[in-house]
Each structure stands twice: as structure tokens, then as C-alpha cells.
Amino acid sequence: MRCTLHMPENLLGGAGCPKGFLPVFRTERTDWARVGEVEARALDDGRKQASWLVPGNQGALETALCYPYGLEELDALAGELGGAFRRDAIGVAQSGRPLARL
């Protein structure tokens, strides 16, 4: 199944799509996984689209557009914003990694 996102440049991290723009997804039968490849396309009217493939026929599908992906990227972004935001831990993932918010 192909998922398509219209105007990805309106999302944080979407301006450089597809570089560094790798959504995650899960289905009723699979755990969260990062998509393998994102295809960017410019339409004739100047709008952009990003699309990616996910397994079909596996029940309900959830997609998350996560950016930044890691704590280092989040810290770098917070620094670029001149101290207007800070990173806080809001929990721990099943893998033991901290969950952060900006």
C-alpha cells in the first residue's frame, strides 16, 4: 500500500524531504518500523508530495511522522531555536531509551 503526504514541507523536518524524512508505521500485525524509502515528487502547480510503501492487508495502519529522530538532533534543534525551547524527558521507551519532548 502506498501512503502519500501532501505538502510535507509544512512539517518540522519536512523541508528537506526526502532526505532525513523517514516516517514510522505499524499495523495490527506488526510492531513499529521505519519505512525503507520516501519518494518526493513536485506537482505541476508547485505543491510537493512524499510517499512511501507499507505492507498491505495487515489491518489498521498507523503512521507517525517523527522528527527529530534522536536526542542529538533534538538538542541541536533546541540550540538553533536560541533557547526558546528545551528538551525534557517524559518517559522511557520499551527499549529503555528516554522519550523526550521539546
Side-chain angles (χ1 to χ4, degrees):
M1 171 189 323
R2 180 165 294 277
C3 296
T4 301
L5 175 67
H6 300 275
M7 301 184 346
E9 67 275 12
N10 288 338
L11 298 172
L12 180 63
C17 183
K19 183 182 177 188
F21 185 80
L22 296 174
V24 294
F25 71 94
R26 72 176 174 184
T27 70
E28 288 180 4
R29 297 186 183 113
T30 64
D31 199 2
W32 287 104
R34 197 163 301 282
V35 302
E37 182 179 343
V38 175
E39 179 184 317
R41 180 175 159 211
L43 303 177
D44 292 339
D45 63 5
R47 292 179 298 134
K48 296 178 182 175
Q49 292 180 338
S51 64
W52 55 92
L53 295 173
V54 295
N57 298 323
Q58 297 207 10
L61 170 73
E62 292 182 77
T63 299
L65 306 173
C66 310
Y67 185 90
Y69 299 118
L71 298 178
E72 290 179 11
E73 291 103 342
L74 194 55
D75 287 339
L77 177 62
E80 291 172 13
L81 297 174
F85 295 89
R86 70 169 194 255
R87 177 174 62 88
D88 291 316
I90 60 171
V92 179
Q94 288 178 330
S95 64
R97 293 180 306 186
L99 293 174
R101 73 167 175 212
L102 189 63

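Here, residue 1 is the first one in the sequence, and each next residue gets the next number.
A distance of 5.0 Å separates CD of E62 from CH2 of W32, quoted to the nearest 0.5 Å. Atoms CG and CG, from L81 and L102 in turn, are 6.5 Å apart once rounded to the nearest 0.5 Å. Remark: L53 CG to C3 SG distance equals 8.5 Å, nearest 0.5 Å. In this structure, Q49 CD and H6 NE2 are separated by 5.0 Å, a value rounded to the nearest 0.5 Å. Distance CH2/W52 to CZ/R2: 10.0 Å, rounded to 0.5 Å.
Residues P98 and L71 share a closest heavy-atom pair of CG-CD1, 3.6 Å. Contact between F85 and A78 at its shortest, heavy atoms only, is O-CB, 4.0 Å.
With sequence neighbours left out, R29 forms a side chain to side chain contact (heavy atoms under 4.5 Å, CB included) with T27, Q58. For D45, the side chain to side chain contact (heavy atoms under 4.5 Å, CB included) criterion is met by L43, R47, not counting sequence neighbours.
Legend: salt bridge (charged side-chain N to carboxylate O under 4.0 Å, His left out) pairs involving residues 75-94, not counting sequence neighbours, sorted by first then second residue: D75-R87, R86-D88.
Salt bridge status for E9 with K48: absent, with no side-chain N to carboxylate O gap under 4.0 Å.
Linking Ile, Leu, Val, Met, Phe, Trp and Tyr whenever their side-chain heavy atoms come within less than 4.5 Å puts V35 and M1 in one cluster.
The side-chain heavy atoms of V54 and L61, taken from C-beta on, include a pair separated by under 4.5 Å.
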